[in-house]
Amino acid sequence: MAISPAAARPEPASFRDPANRVFHVGDEVLRGLDTRAAEHWRALRDTAFFPALVAAGKVCATEDAPPALVPANARDPWAAVLRHERIPFVSHPYEWSFTMLRDAALLHLEILRAALADGFTTKDGSAYNLQWRGAEAVFIDIGSFEPVRDGEPWAGYRQFCQTVLYPLLLTAHLGVDFQPWLRARVDGIEAEQLRPFFGGARRLRPGVLTHLHLHGAMQQRNAEASTSDVRAQLRAAGYSRELLLATVRGIEKLVRRLDRRPAGSHWSDYQRTCGYSAQDRAAKEQFVSAALTAGARPRLVLDLGANDGRYARLAAGHAEYVVAVEQDPAVVDELYRTLRAEGHRRILPLVLDLADPSPGGGWRGVERAGFAERASADAVLALAVVHHLAIGRNVPLPEVIDWLAGLTAPGGAVVVEFVHPEDPMARRLLANKPDGLFPDYRRDTFERLLAARGRIAERLELPSGTRTLYRAVMGG
């Protein structure tokens, strides 16, 4: 079937480089290239390193497509159009755990080394240039590749520091979670923001003096100089591709050394302390499996409050892709490490506070889409979540139900667990709240609200008698 360029939707995050632009046409991901970018693409396509990286799954699969598929840019028709592999679920670096960001960094540096050895470089160093197939990182910004010019530094170094290296230093050396910092600014953490935290003896920690203090000082010293002046000075000083490669290897060695294995938290031990009996757990797993197989095979399942991934794994047996959302970065990191060791490519673990999910960000608030805009799921698992939102975070029950419905595609299913007020976990939460604060937190109210947004197809009271599971089909 012919596709009209009028059907192409520009990707809101793809506008900063005028040489190329990404478009969506149905499920297809297309990229328009101007004349120079098209020349770079043809040269890139004929290298040895690029096809090898694509074949290894480290760079997204890319092929030529008819130029007429996307609308012309503001000046001239695109000189070439590329068709890219579609990533199952787009995530942002502030939704990744520490080890996820570190592994993405190492892949970016590996790709850069391979490119430099074959006469290419990457003009961007942003963490946003990478995405995930489950627990496998993949480089997606094909438009970032360009021929290397001898005597010039890596153009993406500052971006890499701000969106990758500085967040890693913050967490590895200070034990501070980087996610709120990255979420606050789409361009990442500036050197001057981080430098005050690394005074005294902390200046001597790995990577700090070279990449934070000295880099920041050089930026200040060259603030008045043009990029071409700085490049000319480096060439005159004998800066070579060999020195650039050595620099990249040094950064790679540093990133490999950075680590954080946090102590256990309440959530990391939740499966042992949550109070489920063996009978409850067996009944719950059977209900969830039946709910996920009641209709067509789900393309996308959201597991909200995934914890150690028990139900995400169960869902992965019945769905094409599962996004496992958990608030605690330590829990997500542990789950990611386990999935990575297994080579799992159909479960993506993400750090997300369900009561404060990722909003839209960047230019005009749409450059980086909010979680709700990305999450049109065929099935949503909300197991042992509602009471934490309604009681623990004071979110009214109608708001919780509306939120779950909003994450679900029309005709999709919500598999939700209601923890009764007399359940030990609910009583523990209520004990820390003023009396009478939640008069509407009742099973009959919950069922009425759920039925107003969809059709309750199944319900099951767990053997403990204080928790009920529902499968509701959401309306169009």
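Residues: numbered from 1 along the sequence shown. All values below come from the heavy atoms of this structure, side chains included, with hydrogens, waters and symmetry mates left out.
- Salt-bridge annotation for R467 and D280: absent, with no side-chain N of the basic residue lying under 4.0 Å from a carboxylate O of the acidic one.
- A donor and an acceptor atom, one from each side chain of R158 and Q162, are located under 3.5 Å apart.
- Ionic pairing of R183 and D356 is present here: one or more N-O contacts between side-chain nitrogen and carboxylate oxygen are shorter than 4.0 angstrom.
- Aromatic pair Y441/F446: ring centres not closer than 6.0 Å.
- Put simply, the side chain of V415 reaches to within 4.5 Å of the side chain of L383, judged on heavy atoms.
- The side-chain heavy atoms of Y94 and V351, taken from C-beta on, include no pair separated by under 4.5 Å.
- A salt bridge (Lys or Arg N to Asp or Glu O under 4.0 Å) with R337 holds for exactly one of D308, D259, D103; it is D259.
- Around atom CZ of R297, more than 12 heavy atoms belonging to other residues, nucleotides or ligands sit under 6.0 Å away.
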### Task
Give the intermediate values and the outcome of ring pair (Phe, Tyr, Trp, His ring centres under 6.0 Å) for residues W132 and Y321.
CA-CA 12 Å; W132 297 89; Y321 203 71; over 10 Å; no
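- For the pair R368 and Y128, the cation sits on the ring face: its NZ or CZ lies under 6.0 Å from the ring centre, inside 45° of the axis.
- Proximity of V255 to R102: side-chain heavy atoms (C-beta onward) are separated by under 4.5 Å at one or more points.
- Taking a 6.0 Å sphere around CZ of R299, one finds it holds 12 or fewer heavy atoms contributed by other residues, nucleotides or ligands.
- Under the 30°/60° scheme for interplanar angles, the aromatic rings of F160 and W154 are found to be tilted.
- Annotation: R86, atom CZ; neighbour count of heavy atoms from other residues, nucleotides and ligands within 6.0 Å is above 12.
- Between E11 and the choices R21, H24, R31, the side-chain hydrogen bond (donor to acceptor under 3.5 Å, both in side chains) rule is met once, by H24.
- For the pair I189/T163, no side-chain contact is recorded, criterion being any heavy-atom separation below 4.5 Å from C-beta on.
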| message | As a quick check of understanding, evaluate side-chain contact (heavy atoms from CB on, under 4.5 Å) for H213 and F198, giving each step before the final call. | response | CA-CA 9 Å; H213 287 286; F198 285 95; 4.0 Å; yes
Pairs of donor and acceptor atoms involving the side chains of residues 357-364, under 3.5 Å and at least two apart or interchain, shall be tabulated with distances.
{"from": "S358", "atom 1": "OG", "to": "E95", "atom 2": "OE2", "distance (Å)": "2.7"}

| message | salt bridge (charged side-chain N to carboxylate O under 4.0 Å, His left out) for D17 and K123? Distances and angles first, verdict last. | response | CA-CA 10 Å; D17 184 355; K123 57 187 176 184; 2.9 Å; yes
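- Under the 4.0 Å criterion applied to side-chain N and carboxylate O atoms, E252 and R113 are assigned as salt-bridge partners.
- L101 CG to L165 CG: the interatomic distance, rounded to the nearest 0.5 Å, is 9.5 Å.
- In this structure the side chain of F50 reaches within 4.5 angstrom of the side chain of I142, judged on heavy atoms.
- Contact of the S91 side chain with the W96 side chain is registered, since non-hydrogen atoms from C-beta on lie closer than 4.5 Å.
- Aromatic pair F139/H108: centroids less than 6.0 angstrom apart.
- Aromatic rings of F145 and F120 (six-membered ring for Trp) have centroids beyond the 6.0 Å cut-off, not under it.
- The neighbour count for E461 CD, taken as heavy atoms of other residues, nucleotides or ligands under 6.0 Å away, is above 12.
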Margin query: Walk me through whether H211 and Y166 qualify under side chain to side chain donor-acceptor pair (under 3.5 Å).
Written below: CA-CA 9 Å; H211 299 288; Y166 293 165; over 6 Å; no
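- Heavy-atom contacts from other residues, nucleotides or ligands closer than 6.0 Å to NZ of K253 number 12 or fewer.
- Put simply, the side chain of L258 reaches to within 4.5 Å of the side chain of L169, judged on heavy atoms.
- For the atom pair C60 SG and Q131 CD, the distance stands at 10.0 Å (nearest 0.5 Å).
- For the side chain to side chain donor-acceptor pair (under 3.5 Å) condition, the pairs that include at least one residue of residues 48-64, sequence neighbours left out, are W41-D64, R45-D64, K58-E110, T62-H84, E63-R83.
- Within the 4.5 Å cutoff, the side chain of V416 has heavy atoms near those of the L404 side chain.
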